Protein chains: 2
Amino acid sequence: MAVTDEAITKIKDMIISGELAAGDRLPPEKELSEKLGLSRSSLREAVKALEIIRVLDVRRGDGTYVTSLEPKLLTEAMTFIVDLHQDETILEIFEVRRMLEPAAAATAARLITAEQIATLRATMDNIDEQTSVESLVEHDLVFHGLITAAANNSYLESVLDSLSSSTVRARIWRGLTQEKAVDRTLSEHAAIIEALERGDIELTRALVTVHISGVEHWLRQAL
Amino acid sequence: MAVTDEAITKIKDMIISGELAAGDRLPPEKELSEKLGLSRSSLREAVKALEIIRVLDVRRGDGTYVTSLEPKLLTEAMTFIVDLHQDETILEIFEVRRMLEPAAAATAARLITAEQIATLRATMDNIDEQTSVESLVEHDLVFHGLITAAANNSYLESVLDSLSSSTVRARIWRGLTQEKAVDRTLSEHAAIIEALERGDIELTRALVTVHISGVEHWLRQAL
DNA sequence: GCAAAGCAAACATCAGACCATTAGACTGTT
DNA sequence: AACAGTCTAATGGTCTGATGTTTGCTTTGC
């Protein structure tokens, strides 16, 4: 194994073993490179890789720290990869979303607070068929993100968020606009909010399933 | 933004734009560093980061290539992070599995082939209450992996695989062994195989839900 | 034609220098 | 005492250039 990969493994092991905990600061690059027996440049490659997947947080002029390691931090690394897939595999992504989102929404229907419902409702303001695609994408991301968040499971949130990369959404909304299906999508959103508010778990699940499947169906035709 | 991060973004953009396709070879480090306007060392940090998340494949003495970019390659980067979480968040991971695996198994019940069923059955051979924990973990990983694979969705496979890091499984099986629950788990596996073979979608879904929930329930007590 | 040797290209690693930023100590003012 | 500004040491960011190692291809010799 290359020295850089060894360094990555060693740092990972230091975290798993508890030698380094969330929030801890690593020794300075010079010191750590000596301790691990490699040059500073090679160590830096390892640190950069761990930074990308959000395991380390490097603060210039200060030091390098272990992140909070919250599952939510998964998102960006995954999104990075999802962004690179924008063709056939989108349908596979939608299939996963169709499995997860209804379940997430059903859980949310049990747990959601009045305040969260109000926030959800606010995302519907100033949105109609004339709204720009950018605003629609923004609304859609926030809408689904809020529901997912209400399910109170950061892994779930992380996985769903990353399956919903905004580049992918933008493409879809652009298509929907052309198909004049914006109105239908928005009324589905409104129906979902009502079901959530009534705490109707099964109705929420069904509405979300229909909602996701609708977009999926359109997408399947479009491709 | 630091030059290294700029380089990461630029390489990513070259892939999204199609300038670099899956399997393509990047220019040599020296040349690329000049083109992107940074030093070779900094570029190497960027390349290393992209290698870790399986976007690039560096072959010493040969060159650097864009990987196949298949969703399955997601797994390792995600597993890396899941490995780091072995305490409270395990329950969140199980909740996501409980949402996804029954749906995945239901899809598998529609699509699975006789050959795949035979492979699945073979994983039950030589496994009983006296088997070592290592073998149980291996069996369990393969068992669930095969079902997921039969659902024919590489994103789904990737996400579920990474939520099932073997370190986590090992801990759970160790606990189950102590609780003498191995037998029950194995007979549940057998029942799932039968339901899959009969193509009984709803029964498969129910059995998998019960199966996952059972482990989840034990885990909730243990923590 | 084929196998071995040689070569050039490409990545791997290192050492050392200098720049840029930050946190914290220090200092002076109010 | 409280605050604001300044200074400084520590730390990461970047670059240069040299050397080692591996690989794929070409050349050579039979």
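Just so you know, these numbers come straight off a predicted model, no measurement behind them. Here is how names work: the chains are called A, B, and so on, in the same order as the sequence lines, proteins then strands, and each is numbered from 1. Hydrogens, waters and symmetry mates play no part in the numbers below; they use all other heavy atoms, side chains included.
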In whole angstrom, give the distance that lies between atom [atom1] of [X] and atom [atom2] of [N].
{"X": "B/D5", "N": "D/dG13", "atom1": "CG", "atom2": "P", "value": "9 Å"}
{"X": "A/I8", "N": "C/dT13", "atom1": "CD1", "atom2": "P", "value": "11 Å"}
{"X": "B/K30", "N": "D/dT16", "atom1": "NZ", "atom2": "P", "value": "10 Å"}
{"X": "B/L56", "N": "C/dC11", "atom1": "CG", "atom2": "C1'", "value": "13 Å"}
{"X": "B/L36", "N": "D/dC15", "atom1": "CG", "atom2": "P", "value": "11 Å"}
{"X": "A/R44", "N": "C/dC14", "atom1": "CZ", "atom2": "P", "value": "15 Å"}
{"X": "B/L26", "N": "C/dC11", "atom1": "CG", "atom2": "P", "value": "9 Å"}
{"X": "B/E45", "N": "D/dT14", "atom1": "CD", "atom2": "C1'", "value": "9 Å"}

Q: Hey, could you give me the CD1/CD1 distance between A/I11 and A/I16, rounded to the nearest 0.5 Å?
A: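 Atom-to-atom, A/I11:CD1 and A/I16:CD1 are 12.5 Å apart.
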(Q) Closest-nucleotide mapping onto DNA chain C: is B/D62 or A/T4 further toward the 5' terminus? I mean the 5' end. (A) B/D62
**Q.** A/G61 or A/A2, whichever maps to the more 5' nucleotide of DNA chain C
**A.**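 On the 5' side of the pair lies A/A2.
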Phosphate-side-chain proximity, [X] and [N], N/O vs OP1/OP2 below 4.0 Å:
{"X": "A/T64", "N": "D/dG12", "value": "yes"}
{"X": "B/S42", "N": "D/dC15", "value": "yes"}
{"X": "A/R25", "N": "D/dT11", "value": "yes"}
{"X": "A/R40", "N": "C/dA15", "value": "no"}

Q) Side-chain donor-acceptor pair under 3.5 Å between A/T113 and A/Q116, yes or no? A) yes
Q) Do you see a donor-acceptor pair shorter than 3.5 Å between the side chains of B/S154 and B/E70? A)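 The criterion, which ignores hydrogens and geometry beyond distance, is not satisfied for B/E70 and B/S154.
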Within the structure shown, what part of the strands sits under 4.0 Å from [X] by heavy-atom distance: base, sugar-phosphate, or nothing?
{"X": "A/V3", "value": "sugar-phosphate"}
{"X": "B/S41", "value": "base"}
{"X": "B/R59", "value": "sugar-phosphate"}

**Q.** A/D5 and B/K48 ion-paired at < 4.0 Å
**A.**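 A salt bridge is present here (some side-chain N lies under 4.0 Å from a carboxylate O).
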(Q) On DNA chain D, does the nearest nucleotide to A/G63 precede the nearest nucleotide to B/G37 from the 5' side, or the other way round? Give the residue. (A)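 Closest to the 5' end, via its nearest nucleotide, is A/G63.
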Q. Between A/H144 and A/H139, does the ring centroid distance fall short of 6.0 Å?
A.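 For A/H144 and A/H139, the ring centres are not under 6.0 Å apart.
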(Q) Closest approach to the side chain of A/E29, judged atom by atom: which nucleotide of C/dC11, D/dG13, D/dT11 is it? (A) D/dG13
